[in-house]
Amino acid sequence: MQRTVSPRQLAAAIGVSESSLKRWADDGLLAVVRTAGGHRRISLPEAVRFIRHMGFKLQQPTELGLSELRSLETTQIEDASSVNEAFGAALEEGNSAKVRAIVEGLYLSGWSVATIIDGPIRQTMARIGTLWQHADWGIMVEHRATELCLQTLSMLRHLMPSHESAAPIAVGGAGPNDPYMLPSLACSITLAEAGWTDVNLGPRTPTRVLANAVGHYKAKMVWIAFSHSTSQSETIEVVNVVSRACEVAGAKLIVGGPPTLMLAPADIPGVTVARSMLELSAFGRGLHAAASRVAT
Ligand code: B12
């Protein structure tokens, strides 16, 4: 069941009076539901949306069951290099409470999921990726950091608003033999933020399984995340098989990750190659708007 908070808790969390909050609810700025006994309740994602939309600073996050943001002061949030430094240190030392608090704080202060992934998560993982060559310790840090990022992105999902059930479907996964979990999950959550119903098939997705899923879900958008190093011809083969399924379903295909960056447009006609979650988000929002215009 979705977590809810009372108007009193939300008012205390952002440091306003309960009567102001009730007025904003009556004015339609905040969606409230009523309990069987007639009391007002606010879903946690709606409370988070309201805080982000109105630009409130959280005074007492624990009122909403969120972490105290002691690890990162609000002034630091404005400065990307301070954020990267604080997040990098927390992730490298495996401090899950701090990692969670920083990401919650960034999201509540208005950062998009795509910006959090392209910024502190990507940069820290790239740095941690250089440690494995040194010792078992480096490999442990890398595995622990991957797991912590996976947990943190799942936590973020619970704070995001859910979209209408009629939202178009995007499906995707990592390429066959590709064990990397974070890039495909990042695509999934980024597209959810852009208004899509996302279906992530995860790592090592066989090509025919992904191609069949496009028709099964009547997907309008498909992503493939490539991280594991493969030959160019193998990558092109995978992309072209899925691209044919997309043509039949009327879906757009977008691919990304290091092995795709050297592909020439002529090798994969009609397929978009992108370098970041921000690019994916922009592509997803554009396509979503076009699909909604056709539907109305
Ligand atoms: C975690 C990790 C692993 C984990 C993965 C765990 C898991 N189950 O997910 C494990 C331990 C399995 C692993 C293994 C190996 N790894 Co590794 N790994 C990494 C690491 C540290 C992080 C990858 C990650 O998740 N990043 C987080 C995501 C969010 O960021 P990103 O990958 O940069 O993706 C961004 C963009 O590329 C883009 N993007 C990515 N995909 C997509 C898709 C779409 C559609 C779009 C639009 C955009 C997009 O947007 C993302 C966000 O900005 C990277 C370091 C690095 N630089 O990334 C090394 C790295 C990729 N690994 C490397 C190596 C060498 C290996 C091993 C060969 C090590 C070994 N000797 O065993 C094996 C090979 C495994 C295999 N079969 O391929 C090298 C690759 C070097 C190369 N040029 O090929 C790297 C770069 C580390 C390094 N500096 O040496 N690895």
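Residue numbers run from 1 in the order of the sequence given. Remember, predicted model here, so these are calculated numbers, not experimental data. Just so you know, ligand 1 is whichever comes first in the structure, and atom 1 is the first atom listed for that ligand.
At the top of the distance list for atom 57 (N) of ligand 1, counting protein heavy atoms only, stands Ala126 CA, 3.5 Å. In this structure, atom 28 (C) of ligand 1 lies nearest to the protein heavy atom Pro183 CG, 4.2 Å. The single protein non-hydrogen atom nearest to atom 39 (N) of ligand 1 is Gly257 N, 3.7 Å, given as residue, atom name and distance. The nearest protein atom to atom 30 (O) of ligand 1, hydrogens excluded, is given as Arg122 CG, 4.0 Å; this is a heavy-atom distance. Of the protein's heavy atoms, Ile117 CG2, 4.0 Å lies nearest to atom 29 (C) of ligand 1. In terms of protein heavy-atom proximity, atom 46 (C) of ligand 1 is closest to Gly256 CA, 3.6 Å.
In this structure, atom 82 (C) of ligand 1 has no protein heavy-atom contact shorter than 4.0 Å. Within 4.0 Å of atom 60 (C) of ligand 1, at least one protein heavy atom is present. At a distance under 4.0 Å, a protein heavy atom can be found next to atom 15 (C) of ligand 1. Within a 4.0 Å radius of atom 54 (C) of ligand 1, the protein contributes no non-hydrogen atoms. Put simply, atom 35 (C) of ligand 1 has protein non-hydrogen atoms near it, under 4.0 Å away. By the definition of a contact as any protein heavy atom under 4.0 Å away, atom 32 (O) of ligand 1 is in contact. Not a single protein heavy atom sits closer than 4.0 Å to atom 79 (C) of ligand 1. The nearest protein heavy atom to atom 85 (C) of ligand 1 is not closer than 4.0 Å.
Side-chain contact check for Cys187 versus Met277: some heavy-atom pair is nearer than 4.5 Å. Under the 4.5 Å side-chain criterion, counting only non-hydrogen atoms from C-beta, His158 is not in contact with Leu44. A 4.5 Å side-chain heavy-atom check between Leu91 and Ile121 finds every atom pair outside the cut-off. Residues Leu106 and Pro120 are in side-chain contact: their nearest non-hydrogen atoms beyond the backbone lie under 4.5 Å apart.
Residue-ligand proximity, Ala225 to ligand 1, at heavy-atom distances under 4.0 Å covers atoms 41 (N), 43 (C). Proximity to Asp118 (heavy-atom distance under 4.0 Å) selects the following atoms of ligand 1: 52 (C), 53 (O). Atoms of ligand 1 found under 4.0 Å from any heavy atom of Cys187 (numbered from 1 in listed order, with element): 43 (C), 44 (C), 45 (C).
Here the protein contributes Tyr180 OH as N, O or S atoms under 2.8 Å from atom 17 (Co) of ligand 1.
Distances from ligand 1 to the non-hydrogen atoms of Ile139 include no value under 4.0 Å.
For ligand 1, the polar-atom distance check against His143 finds no nitrogen or oxygen pair separated by under 3.5 Å. Where the criterion is an N or O separation shorter than 3.5 Å, residue side chain and backbone included, Thr130 fails it with respect to ligand 1.
Using bins of under 30°, 30° to 60° and over 60° for the plane-to-plane angle, the ring pair Phe56/Phe50 lands in the tilted bin.
Of the possible polar contacts, one joining the Gln9 side chain to the Ser6 backbone as a donor-acceptor pair under 3.5 Å is found. Using modelled atom types, one side-chain atom of Arg52 and one backbone atom of Tyr107 make a donor-acceptor pair closer than 3.5 Å. With hydrogens and angles disregarded, no donor-acceptor distance shorter than 3.5 Å links the side chain of Asn84 to the backbone of Gln123. In this structure, Gln59 contributes its side chain and Gly15 its backbone to no donor-acceptor pair below 3.5 Å. For the pair Lys220 (side chain) and Ala249 (backbone), a donor-acceptor distance under 3.5 Å is present. The main-chain N or O of Leu150 is found under 3.5 Å from a side-chain atom of Ser154 such that the two form a donor-acceptor pair. Side-chain atoms of Asp178 come within 3.5 Å of backbone N or O of Tyr180 as a donor-acceptor pair.
Comparing Thr230, Leu278, Thr115, Leu182 against atom 25 (O) of ligand 1, the shortest heavy-atom distance belongs to Leu182. With Pro203, Ala174, Ala274 as candidates, the residue nearest to atom 47 (C) of ligand 1 on a non-hydrogen basis is Ala274. Nearest to atom 38 (C) of ligand 1 by heavy atom, out of Arg204, Met181, Arg275, is Arg275. Evaluated by nearest non-hydrogen atom to atom 20 (C) of ligand 1, the leading choice among Met125, Gln123, Met277, His228 is Met125. Comparing Ser276, Pro179, Ala114, Gly119 against atom 8 (N) of ligand 1, the shortest heavy-atom distance belongs to Pro179.
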Below 3.5 Å, can you tabulate the donor-acceptor pairs from side chains in residues 266-275 to any protein atom, sequence neighbours excluded?
residue: Asp267; atom: OD2; partner: Ala264; partner atom: N; Å: 3.2

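In terms of hydrophobic clustering, with Ile, Leu, Val, Met, Phe, Trp and Tyr side chains grouped at heavy-atom distances under 4.5 Å, Ile254 and Val239 are assigned to different clusters.
In Thr146, the part holding a heavy atom less than 4.0 Å from any atom of ligand 1 is the side chain. Neither the backbone nor the side chain of Asp178 has any atom closer than 4.0 Å to an atom of ligand 1 (non-hydrogen atoms only).
Of the charged side-chain nitrogens involved, none lies within less than 4.0 Å of a carboxylate oxygen, so that Arg144 and Glu147 do not count as a salt-bridged pair.
The nearest pair of heavy atoms linking Ile189 to Val113 is CG2-CG1, 3.9 Å. Shown here for Glu142 and Gly129, the closest heavy-atom pair between the two residues is OE1-CA, 4.1 Å.
No more than 12 heavy atoms of other residues, nucleotides or ligands lie within 6.0 Å of CZ in Arg208, so this atom counts as exposed by the packing criterion.
Side-chain N/O atoms of Thr190 and Ser281 include no donor and acceptor closer than 3.5 Å.
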